[in-house]
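In what follows, a single structure is set out as structure tokens and then discussed.
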Amino acid sequence: MTGKDVREAIISILVDIAPDEDVSSINDQDNLRDQIDLDSMDFLDIVMELRKRFNIEVPEKDYGQLATMASCVTYLEPLLKDRQLAG
Amino acid sequence: MAGYDTIIIGAGLSGLAAGIRLAHFDKKVCVVEKHIEVGGLNSFYVRKNRTFDVGLHAMTNYTPKGDRRSPLGKLLKQLRFKHEDFQLCPQQMSEIRFPEKSLNFTNDFEFLKQEVAQQFPHQIDGFLKLVQKIETFDELSLAGDTKTSALGVLQEFVSDPLLIDMLCCPIMYYGNARERDMDFYQFVIMFKSIFMEGFAKPLKGMHFLLSLLVERYKSLGGELRMGAEVESIDADKGKVRSVTLKGGECLKAQTVISSMGTVETLRRCRPEQVQQETWPVGQLSFMESIFVLDREPKELGYDKSIVFFSTQQKFEYRVPDRLIDVTSGVLCCPNNFNYPTPLAEGMLRLTNLASARLWNEPSRREYIQAKKDCRAEALEALHTFFPDFRDSVVFLDTFTPKTIHKYTGHLNGAVYGSPRKIKNGTTPVENLFICGTDQGFLGIVGATLSGISMANFHVLQKAVES
């Protein structure tokens, strides 16, 4: 997966969790929680969807790395580099 | 034998919701249900080609599409449904009717505030302060105090006992497992769900909503076993190893989530759990009559979606010392919801408090006669307050605490379960958890969220943390 693919994978998770939100306008540098309405339940879902879809574990100490889209991509890209973006 | 990650007891809303969450995240899960229909307390039945919903008259917690922080919004996103999947039809207007005063309310909370200001001008400031306290209260927290008296808090803000009774009438009828008073956090759950959010009915009834959940659950690989009654929950050294069904089949499980009710669950544990003897059993139950009419209820003067009434100034929410208490009740008119096309037939549902103990006494023949007598008595009392509709009835049916016990397994037919709730769902058995009514989230949305929360908290979150 390239950085672009990783971004797409995260978007696809967000669309699943927040089907009513407009994800096309997400600004990568800003806090995700400020842009789409994510609570702690949603956050758990993002972590679990990553686990379900890509079999990667995000330990609790790293949750901060998932704050913005840019930081998500930076954090997840090395973990996902050998994966294909599933259709 | 490999067994299941989780066995869920009961295919009501909470059990199915827990099942969906777990199956979605690839857990091996089995829901066991003793009946041949799903739904538990909120289900449906068929008589003479008509399908009737039972359980709550309507869904509380209705919020429009886009509100993702509301309980309904949370439920939808957690189960990955769209708002329109549920096809919810909001109420028109409901009413709290007492001898001297009446308060109307809609799904717009501002409307009720105006009603209170008009009907109780001296109480509006206190009422608004109460609302402020309710707004900032985190009633869905899984921790925290459950012992604060709702009446105590109400009296701090509202000095007119009539307004207190009028506010309590719908709230207690729609979710209070305790007589006379209520735990404040439960009052907050119900206040928000009825007054600040609102009522709706699914377009095609509970049957449709339940089918939606069952289909989703199965499509995720969840197993559903109908007609599978639990004989025992086998808890060796404080830990469940398996669940044995009537007939002897033994299902192994890492975790068990039970929606049967706390005492009902503990009673099935082998070896027995001593706590079951001291755990309070719910007492509050209802008699309900369903009337199918030959015309629209509006033509007969029934223009509200739901009316909560008391024919006496003092509203008393308690187990009656007779079969039923006709001095208060709830009258629901399913036709008066905003359906895209009118329902095929007019219908009214009348609910009164009832005594499970007294309903268990009569013989079969006396029981049938008692149902007729009580129904007639309830109508007599109702018609001192509402227009007479008896000449328009084309079909009627009545159920009692006995019926509720038979179909839900709740002791005493206690619709809202035990007065003691376990917010975090834990039991004396390490890997056995409670969801549904006795966990303490109320109503259709509440029950569903209860299943979701327990699955998240006790299974999914643990998997992430370990």
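Just so it is clear, the model here is predicted, and its values are computed rather than measured. In the text below, chain A, chain B and the rest are named by the order of the sequence lines, each starting its count at 1. Scope of the values below: all heavy atoms of this structure, side chains included, with no hydrogens, waters or symmetry mates.
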Task: Within 6.0 Å of NZ in K28(B), more than 12 heavy atoms from elsewhere - done: yes
Open item on the list: Can you tell me which of D26(B), L76(B), I452(B) forms the most heavy-atom pairs within a distance under 4.5 Å of chain A?
Closed with: D26(B)
Open item on the list: Under 4.5 Å from any heavy atom of chain B, what part of E49(A) do you find: side chain, backbone, both or neither?
Closed with: both
TODO: First locate atom CZ of R51(A), then atom CG of L460(B), and finally report the distance between them rounded to the nearest 0.5 Å.
DONE: 9.0 Å
TODO: Decide yes or no for M41(A) and K77(B): does some side-chain heavy atom of the first lie under 4.5 Å from some side-chain heavy atom of the second?
DONE: no
TODO: Only pairs at least two apart or in different chains count here, so list each salt bridge (Lys or Arg N to Asp or Glu O under 4.0 Å) that has a residue in residues 132-144 of chain B.
DONE: E139(B)-K192(B)
Open item on the list: Salt bridge check, D42(A) against R69(B): does any charged N sit closer than 4.0 Å to a carboxylate O?
Closed with: no
Open item on the list: Are there over 12 heavy-atom neighbours, none belonging to K65(B), within less than 6.0 Å of that residue's NZ?
Closed with: yes
Open item on the list: Taking 4.5 Å as the heavy-atom cut-off, does anything in residues 79-91 of chain B contact chain A, and if so which residues?
Closed with: R80(B), F81(B)
Open item on the list: For a 4.5 angstrom cut-off between non-hydrogen side-chain atoms, does L44(A) reach F457(B)?
Closed with: no
